[in-house]
Amino acid sequence: MPELPEVETVRRSLAPIVGQTIEALDVRERRLRRRVTSDLSKRTIGQRIIRLDRCGKYLLIHLSSGDAVLAHLGMSGTFTIVPVSTPLEPHDHLRFLFTNGSALVFNDPRRFGLVLAGRPEAFEELAHMGPDPLSNEFSPALLRQMTRGRKRPVKNLLMDQRLVAGIGNIYANEILFEAGVRPSRQARNLRLAELDLLHTATRRVLAEAIATGGSSISDYRDGSGQPGYFQLRFRVYDRGGQPCLNCATLVRRAVHAGRSSFYCPKCQR
DNA sequence: CGCACCCCCTGCCGGC
DNA sequence: TGCCGGCAGGGGGTGC
């Protein structure tokens, strides 16, 4: 669920909290990917939210002090804006309470998510992150450079956040279908024309996914509670054994690096 | 360098 | 109907 398009959708949907001042932080559960410490309260209470950024799959909430809240949704995290009086739900771990009577709630059943505060330039999580695939920095030339001499399957490379930031298992599968390239292909063996197709496919698939509000597979929702619709446009993801939408050949499922890959053996070479 | 394998945790689904 | 194993979008660590 939360790959680049979902995080971007969440970022946009949280625009109403920009300008709000954090009056209190209600910590209900500290055991996230990293333990929530009192530092989060110290750095956020009394601060005004000035801007929301996204860095790969991370969300950055910039504060008037110059600090920022760094958040990652893991597999099951959501941020939702609600009235402060809204009853707590299971797995509501953090609530940022604003002076206008609204609250930003972080809910995460699996607790693989991350929320911490600090100087934005000092976040170790962002230190080795590759360029955003929708930025100009992610160019065909960079893709050639990234893949040169790499023996790894191209799908693993696409999902490596150090090389390009924000692509997870769903979109890696969809991008490779769009480009007509098999997930298992060694990156170094792709032809220049294929790399260019991959570059175009990456941007097209991610942009379309953002435009449809991301993918809602189980219960993903954006900050205002809206689901996404890109799951209705999956061409291969989770379609193992079903006919390819291009050629009716049965879509195959394979496991690479512990994650499911789906591909059409005829359309993807 | 790159992979397989393990962990973190809860929820859901299919099979029996 | 109910239990249980397997599997799931994330990242991180270890050992080969």
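Within every chain, numbering begins at 1; the chains are lettered A, B, ... in the order of the sequence lines, protein sequences first and strands thereafter.
- Residues forming a side chain to side chain donor-acceptor pair (under 3.5 Å) with A/R235 (at least two apart in sequence, or on another chain): A/N246.
- Taking atom OH on A/Y58 and atom P on C/dG11, their separation rounds to 7 Å, with Å as the unit.
- Heavy atoms of A/R188 sit nowhere under 4.0 angstrom from any nucleic acid atom.
- Among C/dG12, B/dG11, C/dG9, the nucleotide with an atom closest to any side-chain atom of A/H91 is B/dG11.
- In this structure A/E174 satisfies the salt bridge (Lys or Arg N to Asp or Glu O under 4.0 Å) test with no other residue, sequence neighbours excluded.
- Listed nucleotides: C/dG9, B/dC9, C/dG11. Nearest to the side chain of A/P2: C/dG9.
- With C/dG11, C/dG9, B/dG11 as the candidates, the nucleotide lying closest to the side chain of A/P109 is B/dG11.
- At whole-Å resolution of the value, NE2 in A/H128 and P in C/dG11 are 15 Å apart.
- What separates CE of A/M75 from C1' of B/dC8 is a distance of 11 Å, to the nearest Å.
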Secondary structure string for DNA chain C (Watson-Crick or G-U under 3.5 angstrom, | for other-strand pairs): .|||||||.|||||||
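- Sorted by first and then second residue, the side-chain hydrogen bond (donor to acceptor under 3.5 Å, both in side chains) pairs with a member in residues 83-93 of chain A read A/D92-A/N107; sequence neighbours excluded.
- When the C1' atom of C/dA8 is taken as reference, atom CZ of A/F262 falls 10 Å away, rounded to whole Å.
- Here A/V82 is tied into one hydrophobic group with A/V105, each link being a pair of ILVMFWY side chains closer than 4.5 Å.
- Looking at residues two or more places apart in sequence or on another chain, you find a salt bridge (Lys or Arg N to Asp or Glu O under 4.0 Å) between A/R204 and A/E178.
- With C/dG9, B/dC9, C/dG12 as the choices, the nucleotide that has an atom nearest any side-chain atom of A/Y237 turns out to be C/dG9.
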Atom pairs and distances, side-chain donor-acceptor, residues 140-147 of chain A, under 3.5 Å, sequence neighbours left out:
residue : atom : partner : partner atom : Å
A/T147  : OG1  : A/L143  : O            : 2.8
A/T147  : OG1  : A/R144  : O            : 3.2

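- Counted by atom type alone, A/H62 and A/D53 present one or more donor-acceptor pairs between their side chains at under 3.5 Å.
- OP1 or OP2 of C/dA8 lies within a sub-4.0 Å distance of a side-chain N or O belonging to A/S260.
- One atom, CZ of A/R253, and another, P of C/dG6, lie 13 Å apart when rounded to the nearest Å.
- Rounded to a whole Å, the CZ atom of A/F230 is 14 Å from the C1' atom of C/dG9.
- One atom, CG of A/L73, and another, P of B/dC9, lie 19 Å apart when rounded to the nearest Å.
- Near DNA chain C, meaning a heavy atom under 4.0 Å away, the residues from residues 146-168 of chain A are A/Q161, A/G168.
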Which pairs of donor and acceptor atoms, one on a side chain in residues 113-131 of chain A, lie under 3.5 Å apart (sequence neighbours left out)?
residue : atom : partner : partner atom : Å
A/R119  : NH1  : A/D67   : OD1          : 3.0
A/E124  : OE2  : A/H128  : NE2          : 3.4
A/E125  : OE2  : A/R34   : NH1          : 2.4

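- B/dC9 atom C1' lies 16 Å from atom CZ of A/R35, rounded to whole Å.
- Every residue two or more places apart in sequence or in another chain that forms a salt bridge (Lys or Arg N to Asp or Glu O under 4.0 Å) with A/R152 is listed here: A/D160.
- Across residues 111-127 of chain A, A/R111, A/F112 each have a non-hydrogen atom less than 4.0 Å from an atom of DNA chain B (numbered order).
- Between the P atoms of C/dC3 and B/dC9, the separation comes to 24 Å (whole Å).
- Distance check on atom P: C/dT1 versus B/dT10 gives 27 Å, rounded to whole Å.
- Not a single donor-acceptor pair under 3.5 Å links the side chain of A/S102 to the backbone N or O of A/F98.
- A search for salt bridge (Lys or Arg N to Asp or Glu O under 4.0 Å) contacts involving A/R239 returns nothing, not counting sequence neighbours.
- Closest contact between the side chain of A/I170 and the listed nucleotides C/dG12, C/dG9, C/dA8 involves C/dG9.
- Between the side chains of A/S215 and A/Y171, at least one donor-acceptor pair of N or O atoms lies under 3.5 Å.
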